[in-house]
Every structure is written in structure tokens, then in C-alpha cells.
Amino acid sequence: MDMKISFPDNKVIDAKSGITAGEAISLWDKNALDSAVAVNVDKMPADLSSVLNRDCSLDVIDINSDNGLDILRHSISHVMAHAVQVVFKGTKVSIGPSIENGFYYDFEYEKPFTTDDFTKIEEKMREIISADYPFIREELERKKAIELFASRKEDYKVELINDLPSDVKVVSIYKDGDYMDLCRGPHIPSTGKIKAFKLLSVAGAYWRGDEKNKMLQRIYGTGFADEKSLNDYLTLLEEAKKRDHRRLGKELDLFQINEEAGAGLIIFHPKGMMLRYLIEDWEKKEHLKRGYEMVMGPQILKVDLWKKSGHYEHYRENMYFTEIDEQTYGIKPMNCLAHMLIYKSKIRSYRDLPLRYFELGTVHRHEKTGVLHGLLRVRQFTQDDAHILCTPQQLNSEIRAIADFVHYAMGIFGFEYEVELSTQPADYIGTDEDWKLATDALRNALEDNKIEYKVNEGDGAFYGPKIDFKLKDALKRKWQCATIQCDFTLPERFDLTYIGADGERHRPVMLHRVILGAIERFMGVLIEHYAGAFPVWLSPTQCIILTVTDKHIPYAETVYDKLTQAGIRAEKYFENEKLGYKIRQAQIQKIPYMLVIGDKEMEAGTVAPRVRDGSNLGALPVQEFIALVKEMCEKKK
RNA sequence: GCCGAUGUAGCUCAGCCGGCAGAGCAACUGAUUCGUAAUCAGUAGGUCGCCAGUUCGAUUCUGGCCAUCGGCUCCA
């Protein structure tokens with residue numbers, strides 16, 4: 001029986017029913033199979049070995065495509081599980097998907113795996129690869145599959161099959177050599193197709209991601225189409241390590257986290273504080289331009305107020321409390337409460353709205369020890385927080401204005417970001433009706449303004465849904481910085497009202513929002529983003545003056561004075577060292593400009609700026625250099 | 001909080017299967033006065049994370065705690 005198979009180039013070939021997808025592909029293009037890992041049959045992914053018996057369209061999944069790489073990595077995870085079960089008898093397997101940049105597999109084994117075990121596992125993997133076992137797909141009736149995995153004591157697999165929806169009658173398994181795994185597929189044709197892989201790390205991971213479940217051992221690894229791509233990736237990891245903000249924070253003398261002071265608490269050194277000051281100063285001005293008013297609330301507020309807001313009930317675990325004169329106070333984990341009280345201090349008219357209260361508010365949250373991470377996850381941090389109280393009709397334009405603000409701010413720093421809409425979580429306050437209103441308000445604002453977003457179900461704050469802006473750092477990790485949260489509940493709980501045009505009392509809506517998020521976290525991301533080489537406007541030290549010999553010091557002093565008088569952040573480096581040494585030191589400190597002062601400059605009354613990138617601006621009068629730096633600051637370069 | 005690893009000089013890291021603690025860089029002193037990524041010599045610097053236990057003796061072995069790192073869970 002003949003059938004017609006079509007390909008993406010619109011070529012249609014006739015083939016006998018019963019040939020495999022792989023055979024069909026080589027009939028179409030004899031070279032296409034070389035880099036093929038799987039195939040889409042009528043847009044559904046399938047193995048190259050899958051048998052065709054009706055008219056269909058085929059589309060090769062190339063190893064160099066994102067999809068192909070996923071399939072390759074997933075197959076490598078099977079090979080790793082295979083190897084682990086051979087090397088460590090009695091290991092139970094659970095799940096092993098491909099992930100961004102690699103794959104992992106979760107195991108249960110009596111003893112902890114260490115990175116030293118990787119050598120043995122990798123060796124066994126290489127054996128499996130050179131044996132070139134084909135990946136063989138088999139379909140089993142659900143009950144049979146349960147029996148099969150139960151007989152092999154693979155409890156996790158049994159649980160997975162049991163939990164499949166009841167309409168699933170048949171499951172697929174894949175075999176390579178004497179290993180078998182429950183798997184949807186597809187897989188690469190055989191283990192020999194694997195050319196480049198490496199195991200990277202081992203870590204604990206809860207079964208099914210639930211902390212109530214047993215903790216399994218997760219081995220992370222990665223794989224690529226070829227050795228070179230793998231090495232490029234490993235080099236990239238090394239480069240990323242070099243721009244780790246914790247390392248740069250030390251090297252550039254920006255901040256410390258001191259064991260004696262406490263975990264998750266940042267101590268800013270002069271240079272780190274200068275960076276912070278520059279960011280905050282810029283940000284305050286930007287807020288004032290946009291109709292925000294600066295306010296400030298206290299660090300601690302009586303516990304009853306936290307009960308009123310719902311924080312006590314829903315956020316207590318993350319809060320610190322203290323006793324003063326037999327009264328319990330909560331140390332603020334959020335800034336909204338004082339802002340509510342400011343609103344309530346007067347009778348408000350619809351003409352007053354929107355009110356935009358802005359505070360660089362320092363908050364404390366009791367984060368679990370295991371999650372603390374440099375500047376990115378801390379216990380005390382300062383948010384560039386604002387609460388906007390407005391009428392429901394004003395929501396849309398306010399949200400738009402915030403989204404524009406975020407876009408502008410991210411542009412200044414050159415960050416890419418993605419937008420997510422997070423909806424009602426399991427633990428929440430307020431009515432479902434208000435939640436719907438709030439969620440719709442956010443969604444409509446996104447849609448009206450044609451902002452692309454994805455939905456994060458159940459990820460909202462306890463008092464309202466939110467729009468999250470996730471920016472990407474050097475390691476391509478996504479960090480939540482800006483967020484907009486829509487809240488109908490707190491105005492209700494605090495009985496906030498305004499007098500409308502109709503003379504009646506109405507309830508305002510509140511938007512919580514941050515632009516940079518936490519200043520600490522933002523700085524961490526910023527350090528990695530710039531690899532410590534801050535643009536001129538943000539550099540704690542903008543230029544460093546290097547003397548060639550001691551006799552140039554008096555003139556260098558006059559240059560230093562002119563620069564500092566002009567508001568340029570300059571440093572002296574007049575030590576008795578060779579120029580090359582000083583340049584090296586300045587280079588390591590990533591200072592934007594080095595001003596070399598020698599005979600030529602002294603005689604001509606100039607400076608010779610060497611730029612951080614190694615280029616040279618030649619001799620410039622000091623005033624000209626000052627103008628240049630000022631222009632850079634003006635342009636936020 | 002959970003799993004695993006780690007904690008030695010300001011920094012990066014050796015070392016110790018129980019017997020006086022080591023290097024490079026940085027710092028300090030001196031010599032050198034030098035033109036675009038490391039001049040030479042010398043000096044000083046450590047309760048070997050903290051607290052117990054075992055031992056004649058613990059930085060080393062054991063236990064607890066603290067902190068850090070890689071993840072999980074949670075989050076700005």
C-alpha cells in the first residue's frame with residue numbers, strides 16, 4: 001500500500017506503508033539524517049524509528065535546534081540514569097527531564113552521591129554510548145506497566161503511572177540495553193549519537209517539588225551536539241563566575257556580609273554606598289517628575305495594625321516582632337501600612353486622586369537560612385516602593401504609566417525583561433469578586449497597551465494579583481524586580497474612602513508597585529550585568545589620576561582639585577610604582593578613566609585619559625575632560 | 001527549613017591517615033623615579049569558623065552550633 005509523505009519544502013514523496021520516519025527522511029534528503037535526532041509527524045514529535053502507515057507530513061528535528069537539543073539532553077539523562085543504576089546498585093529512578101542549558105535526573109539511593117562519583121558515572125556513560133544501544137520504544141497497557149515497574153521496585157515510576165489521568169490506557173517505555181524507563185519520548189535513535197556531555201553538580205530535591213515529600217538526590221548535567229559547543233558553554237560558566245556579584249563586591253570593595261553581624265544583612269562600604277546613592281538619587285528625581293510624593297513610615301508598627309491589614313495572619317512567619325513597654329510591635333516587612341494612615345489623615349475628594357506615595361522603604365523579612373544569597377536574597381532590604389490610591393476608572397492609565405516607567409528605567413540600565421501576570425494564590429484575603437476585578441484590571445491594562453505577557457497561575461501576593469517584570473542577569477537567571485500589585489482589600493480593611501463627584505463616599509483602589517524592586521537585589525543584578533565595569537554615571541570612582549614619577553605630584557594635585565571641585569569622583573594614585581603597575585591596578589578596579597600625568601601633561605597643562613577598554617583619548621585640557629565626564633553622566637552612559 | 005559540600009593570614013588557596021602552621025597576591029619598610037596590565041629586597045601578619053568530647057597531645061578524629069557554596073521549597 002502506498003502513501004504520500006510531505007516535507008516542509010513542499011516536496012511530496014510516495015512511500016510504502018510500514019517504512020520508518022528515518023527511512024522516509026533519507027528518501028527525501030539523504031544528508032538530512034546526519035544531524036536528525038527525531039521527527040515531527042503531522043507536527044507531533046516522534047522517534048526516527050517510528051513506523052509510518054498513512055499519509056502524513058514530516059519535519060526533521062535537527063540536533064542543532066532548541067527542540068533537538070532538548071531531545072538529546074533528555075536522552076543523555078536516560079543514559080545517566082542507566083549508568084547510575086549500574087554503578088550504584090539499588091538506586092531508584094524518578095524523573096529526568098531536560099531543562100534550560102542541560103538536564104537532571106532525581107534518584108533515591110541510600111548513600112549521598114558526591115561529585116567524586118561523577119568520574120565513575122561518566123565512565124559508565126561513555127561505555128553505554130560506545131555500545132551504541134538503540135532507544136527502543138514499547139507501548140504497554142497501564143496495568144502491565146505498573147506490574148513491570150513494581151517488579152523492578154521502581155516505586156516512583158509506579159506512583160507516576162498511578163497518577164496519570166484515568167483516560168490514559170497505554171503508556172510508553174524506552175529501553176536502551178538493559179535499562180528501561182517510563183517515558184513519553186521521543187528519543188535519539190541510539191546512545192551512540194551522544195557526542196558531548198558533562199555532569200555538573202549534585203543537589204537535594206524534593207520528590208515532586210513538595211517539601212513534605214522525601215528528598216531525592218538530583219544530578220545535574222549538560223550535553224551538546226558537539227565537543228566545541230560543550231566547551232563554549234563551560235567557558236561561559238567560568239566567565240559568569242567571574243562576574244558573580246559576591247566576588248566583585250569583594251574585589252571592588254563595594255560591600256560585605258559579615259558572619260558576626262548576621263546572615264542576610266548587607267554592610268555597604270563607601271564605594272558600594274556611592275553606587276547605591278547614585279541609583280537612589282536618580283530614582284527620586286524620576287519619581288518626582290512623574291507626580292509621586294515622597295513619604296516615610298516608621299520601622300516598627302503596633303501588632304494590632306498588622307492584624308488589621310491581614311499581615312499577621314498571612315505573613316507572620318516572615319516577620320520579626322519586638323516588645324516595647326509590654327506592647328508588641330511588628331518590624332515592617334512591607335511599607336503599605338503607613339501609607340494607608342497617610343491617606344486616612346484627611347478626607348479625600350475624587351479631585352485629589354490619584355495619590356502617589358513613594359518611599360525608599362527599608363523592610364525586614366525572616367527568610368529561611370537556605371535561601372540567602374549575596375545581595376539577591378537578604379533579610380533587610382530597601383524597596384523603591386509606592387502606593388497609588390485611585391478610582392477604579394484611573395487604574396488603567398496608572399498601570400500604563402507604571403509600565404512605561406519600568407520600561408524607561410530598564411532602558412537606562414540596558415536590561416531585557418519579560419512580563420508575567422500572577423493570579424490568585426491558595427492563601428489569600430478578600431472576596432473572589434474583588435480578585436476578579438483586580439486581575440481583570442491588570443490584564444486589561446496589559447492588553448490595552450499591547451504588552452506581551454504570560455500568566456503565572458496562583459503566584460499572586462496574598463492581598464492581590466500582580467504584574468511581575470523579570471529581568472535577566474549575566475547567568476540568564478531571571479530576577480523579579482519591578483512588580484505592580486492591584487489591591488481592593490487593604491482599602492477595604494482600612495476603610496479608605498473619597499468623596500465622589502456625586503457627593504457620596506467611595507472606595508479607592510490601591511496599586512502597590514516597585515520599579516527596581518529591592519535596591520540590594522537590583523545592585524546585585526546590576527553588578528553582574530556590567531561585570532563590575534559600571535558606566536561612567538554610576539561608577540563610584542569615575543577617574544583615577546596616575547603619576548609617572550614623584551615630581552608630577554604637585555601638578556597632579558591641582559588636577560585632582562579641579563576634578564573634585566567640578567563634582568567628578570576622582571581618586572589619587574601617586575604611589576611610587578611603575579606606571580604599568582598602576583594601570584594594571586586601576587584596570588582591575590574597572591575605573592572608567594585613568595589620567596596619566598607625566599612631563600608632557602605637566603608642561604602642556606593637560607591630562608591624558610586612558611579609557612577602561614584600553615583606548616587612549618590623547619592629551620586633553622582638564623576642563624575638556626570634565627565636560628566629557630559630565631556629558632556621560634547627563635546621558636546616563 | 002530540607003539534601004549535599006565547604007570553613008586555614010586582608011584575598012586566593014596548599015598542608016595535617018593526631019606531634020611547634022605554609023605559598024602567592026595585598027599590607028608595611030627600604031632601595032628604585034620609571035610613559036600605558038605586575039621593579040627588587042626585607043618585615044609583619046593566623047585562638048586553622050565557634051563550643052564541647054575523645055586523647056599525654058586536636059587545625060587534623062567525633063558531636064553540636066554558626067556561616068558560606070550548589071540545589072530544593074519559598075520570595076523583592
Side-chain angles (χ1 to χ4, degrees), chain A residues 104 106 111-117 200-220 241 244 246-247 250-251 253 256-264 315 317-318 333-335 361 363 365-385 422 425 459 461 466 468-470 479-483 485 512-522 524-525 546-553 575-588 594-601 608-612 614-616:
Chain A
Y104 67 79
D106 287 349
K111 282 198 299 255
F113 297 134
T114 68
T115 45
D116 294 338
D117 296 328
L200 295 173
S201 61
V202 55
Y206 298 109
W207 167 234
R208 297 195 145 180
D210 188 334
E211 63 181 324
K212 288 182 203 77
N213 288 343
K214 191 177 170 65
M215 185 156 274
L216 306 177
Q217 300 191 61
R218 174 172 298 178
I219 298 179
Y220 283 95
K241 240 191 212 167
D244 187 309
R246 292 164 297 187
R247 176 190 181 124
K250 215 174 267 176
E251 287 173 1
D253 198 14
Q256 65 171 302
I257 299 169
N258 192 302
E259 199 178 321
E260 283 185 284
Y315 207 71
E317 262 75 82
N318 289 295
M334 297 184 195
N335 301 300
V363 297
R365 296 185 187 174
H366 184 196
E367 301 291 342
K368 293 172 177 177
T369 51
V371 306
L372 301 175
H373 182 99
L375 293 178
L376 301 180
R377 198 71 187 274
V378 294
R379 285 184 173 152
Q380 178 192 306
F381 57 98
T382 299
Q383 295 176 301
D384 57 340
D385 206 358
S422 296
D459 224 18
K466 53 183 187 164
D468 291 327
F469 297 79
K470 308 232 162 154
W479 285 101
Q480 180 170 332
C481 289
T483 167
Q485 307 175 350
H512 308 241
R513 48 104 286 186
V514 290
I515 303 296
L516 306 182
I519 304 292
E520 288 79 0
R521 171 177 292 182
F522 188 75
V525 175
L546 314 179
T547 45
V548 177
T549 74
D550 287 354
K551 70 178 176 195
H552 305 116
I553 292 176
E575 255 79 315
N576 174 9
E577 284 290 350
K578 289 170 83 166
L579 184 62
Y581 179 83
K582 294 189 193 184
I583 284 173
R584 181 182 152 79
Q585 295 305 321
Q587 197 74 44
I588 289 169
M594 300 163 212
L595 303 183
V596 177
I597 306 285
D599 287 343
K600 277 181 282 179
E601 290 72 27
R610 177 195 156 105
V611 190
R612 183 166 48 189
S615 68
N616 241 301

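The chains referred to below are lettered A, B, ... by the order of the sequence lines, with proteins before strands, and numbering in each begins at 1. Everything numeric here is computed off the predicted structure, so don't read it as measured data.
Considering CZ of A:Arg521 and CZ of A:Arg377, their distance stands at 6.5 Å, rounded to 0.5 Å.
Within the 4.5 Å cutoff, the side chain of A:Ile588 has no heavy atoms near those of the A:Glu251 side chain. Side-chain contact between A:Asp599 and A:Val548 is absent, with no heavy atoms from C-beta onward closer than 4.5 Å. In this structure the side chain of A:Lys212 never reaches within 4.5 angstrom of the side chain of A:Tyr206, judged on heavy atoms. Proximity of A:Tyr581 to A:Glu575: side-chain heavy atoms (C-beta onward) are nowhere separated by under 4.5 Å.
Remark: A:Lys250 is in phosphate contact with B:U12, judged by side-chain N or O atoms under 4.0 Å from OP1 or OP2.
A:Thr547 pairs in a side-chain hydrogen bond (donor to acceptor under 3.5 Å, both in side chains) with only one of the listed residues (A:His552, A:Glu601, A:Lys582), which is A:Lys582.
Taking atom P on both B:C17 and B:C75, the two are 48 Å apart, rounded to the nearest angstrom. Of the C1' atoms belonging to B:G15 and B:G46, the separation is 14 Å, rounded to the nearest Å. Taking the C1' atoms as reference points, B:U55 lies 29 Å from B:A9, given to the whole Å. When the P atom is used for both B:C11 and B:C48, the distance is 16 Å, rounded to whole Å. The P atoms of B:C72 and B:C61 are separated by 31 Å, rounded to the nearest whole Å.
Atom CG of A:Asp550 and atom C1' of B:A31 are 13 Å apart (whole Å). In this structure, A:Asn213 atom CG and B:C2 atom C1' are separated by 12 Å, rounded to whole Å. Rounded to whole angstrom, the span from the NZ atom of A:Lys212 across to the C1' atom of B:G1 amounts to 13 Å. Atom CG of A:Asn258 and atom P of B:C50 are 14 Å apart (whole Å). One atom, NZ of A:Lys551, and another, P of B:G35, lie 10 Å apart when rounded to the nearest Å. Protein atom NZ of A:Lys578 is 12 Å distant from nucleotide atom P of B:U33, rounded to whole Å.
Of the two residues near RNA chain B, A:Gly580 and A:Gln585, the one whose nearest nucleotide lies more 5' is A:Gln585. Comparing A:Gln217 and A:Arg584, the nucleotide of RNA chain B nearest to each residue sits closer to the 5' end for A:Gln217.
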Output field dot_bracket for RNA chain B (Watson-Crick or G-U, both distances under 3.5 Å, | for other-strand pairs) contains (((((((..((((.....[..)))).(((((.......))))).....(((((..]....))))))))))))....
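When distances are taken from the side chain of A:Leu579 to each of B:G35, B:U39, B:A37, the shortest belongs to B:G35.
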Could you write nucleotides 66-76 of chain B as a row of B, S and -, 5' to 3', where a protein heavy atom under 4.0 Å of any base atom gives B, of only sugar-phosphate atoms gives S, and otherwise -? BSSSBBBBBBB
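Base contact: A:Glu577 has a heavy atom under 4.0 Å from a base atom.
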